[in-house]
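Sequence positions, counted from 1, serve as the residue numbers for this chain. Not measured: the values here are computed from a predicted model.
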Amino acid sequence: MDKESFWLKIARELQSMSQSGLAFSENEYDIQRYKRLNEMSAEILSEYSNLDKEVTEKLFLNLPGYATPKIDVRSAVVKDGKILLVKEIQDGCWSMPGGWADVGDYPSEVAIRETKEESGYDVKVKKLVAVFDANRADRDLEFFHAFKLIFLCELTGGEADPDHEILDVGFFDLDNLPELSKYRTNEKFINEIKAHLSDPERETAFD
């Protein structure tokens, strides 16, 4: 782990401790100590990123309740040996359609909705392929912790119709993919999808 990743990891742990502590503390002394942890986290983050300390500190204080990971849901839509990918406007690379789960969502509903919104295609969820730790999947460490759920989906209708966050939509051979958006889809995920296609009885993978 390089120096920046090490300190970002420390900052994330401090922020999590602060947020959870503030959610349950009633003693003023404890509250002040947890606020100081919040401030220390923002200080470290501003030192090793381009984020402003004061803005970051206020953001952290507005995060309510016990600190938990976010949930990123992705749809593996495969037809005739080709997988549906969308070209992300943020980095110009490709990923499986998907996004953050909203409060109140069923996980499978996220897969269906995000696929329709990002690609224009209608799908039916068939199987949960994997649950991965998104922060440990051959990628740079992000501040907020996240889990990634990957669903195998069946194409049922629709047509290519990308939304405002997507540049293009296409189906690609699983062994000849374009440059992937590593924060959303990577080779580890693709290999697990291929394994499930080869073995329909394969159990859900998890970290």
Side-chain angles (χ1 to χ4, degrees), residues 5 8 12 49-50 68-103 105-198 202 204-207:
S5 294
L8 288 176
R12 187 174 70 181
S49 72
N50 60 358
T68 60
K70 296 170 70 67
I71 304 296
D72 178 26
V73 178
R74 295 285 152 179
S75 300
V77 186
V78 181
K79 180 182 179 182
D80 299 327
K82 295 185 177 183
I83 189 168
L84 173 65
L85 298 177
V86 295
K87 191 173 186 179
E88 301 283 348
I89 197 169
Q90 287 187 339
D91 59 10
C93 298
W94 296 79
S95 72
M96 292 180 289
W100 298 120
D102 292 330
V103 173
D105 280 342
Y106 285 107
S108 58
E109 289 178 345
V110 183
I112 294 169
R113 182 189 69 237
E114 290 289 331
T115 303
K116 182 64 174 180
E117 290 180 355
E118 292 193 345
S119 73
Y121 287 106
D122 299 308
V123 298
K124 177 170 63 176
V125 173
K126 303 293 290 183
K127 181 182 182 182
L128 178 62
V129 169
V131 179
F132 289 130
D133 184 329
N135 294 75
R136 296 183 177 91
D138 301 323
R139 53 178 287 181
D140 298 332
L141 180 71
E142 282 196 346
F143 187 78
F144 290 107
H145 197 183
F147 293 156
K148 189 178 293 286
L149 278 60
I150 302 174
F151 286 99
L152 187 63
C153 299
E154 177 185 329
L155 183 66
T156 60
E159 59 184 16
D161 183 22
D163 71 5
H164 65 282
E165 296 179 345
I166 302 300
L167 293 172
D168 200 2
V169 177
F171 283 87
F172 297 87
D173 191 297
L174 282 161
D175 294 317
N176 186 25
L177 298 176
E179 184 178 0
L180 297 175
S181 178
K182 66 177 182 177
Y183 293 108
R184 301 171 179 87
T185 299
N186 64 30
E187 188 175 349
K188 177 180 179 179
F189 307 153
I190 296 296
N191 288 338
E192 189 61 38
I193 292 164
K194 290 164 68 174
H196 278 265
L197 292 172
S198 298
R202 184 179 175 87
T204 300
F206 56 88
D207 287 326

- Message: Checking Thr185 against Ile150 for the side-chain contact (heavy atoms from CB on, under 4.5 Å) test, could you report, in this order, the C-alpha distance in whole Å, the side-chain angles of both residues, the deciding distance, and whether it holds?
- Response: CA-CA 10 Å; Thr185 299; Ile150 302 174; over 6 Å; no
- Please name the pair of heavy atoms, one in Gly92 and one in Leu167, separated by the smallest distance, quoted to 0.1 Å. CA-CD1, 4.4 Å
- Query: What pairs meet the side chain to side chain donor-acceptor pair (under 3.5 Å) rule with one or both residues in residues 166-175, with sequence neighbours excluded?
  - Reply: Asp175-Lys194
- Note on the structure: Sorted by chain and number, sequence neighbours left out, salt bridge (charged side-chain N to carboxylate O under 4.0 Å, His left out) with Lys126 holds for Glu154
- Taking every non-hydrogen atom, the tightest pair across Asp91 and Ser181: OD2-OG, 2.6 Å
Can you give each donor-acceptor pair under 3.5 Å made by side-chain atoms of residues 106-114, sequence neighbours left out, with the distance rounded to 0.1 Å?
| from | atom 1 | to | atom 2 | distance (Å) |
| --- | --- | --- | --- | --- |
| Glu109 | OE1 | Tyr106 | N | 3.2 |
| Arg113 | NH1 | Asp105 | OD1 | 3.4 |
| Arg113 | NH1 | Asp105 | OD2 | 3.0 |
| Arg113 | NH2 | Asp105 | OD2 | 3.4 |

- Task: Over 60° means perpendicular and under 30° means parallel, so classify the ring planes of Phe132 and Phe189, tilted if in between.
- Result: parallel
- Query: By ring-ring contact (aromatic ring centres under 6.0 Å, His included), which residues pair with Tyr121, not counting sequence neighbours?
  - Reply: Phe171
- Query: Given side chains that start at C-beta, do those of Trp100 and Asp72 come closer than 4.5 Å, heavy atoms only?
  - Reply: yes
- With sequence neighbours excluded, what pairs up with Asp122 under the salt bridge (charged side-chain N to carboxylate O under 4.0 Å, His left out) test? Lys116
- Verdict with supporting geometry, Glu117 and Glu165, side-chain contact (heavy atoms from CB on, under 4.5 Å): CA-CA 10 Å; Glu117 290 180 355; Glu165 296 179 345; over 6 Å; no
- Query: Considering the options Val77, Val125, Thr115, which one meets the side chain to side chain contact (heavy atoms under 4.5 Å, CB included) requirement together with Phe151?
  - Reply: Val125
Can you give each donor-acceptor pair under 3.5 Å made by side-chain atoms of residues 78-90, sequence neighbours left out, with the distance rounded to 0.1 Å?
| from | atom 1 | to | atom 2 | distance (Å) |
| --- | --- | --- | --- | --- |
| Glu88 | OE2 | Ser95 | OG | 2.7 |
| Gln90 | OE1 | Arg184 | NH2 | 2.3 |

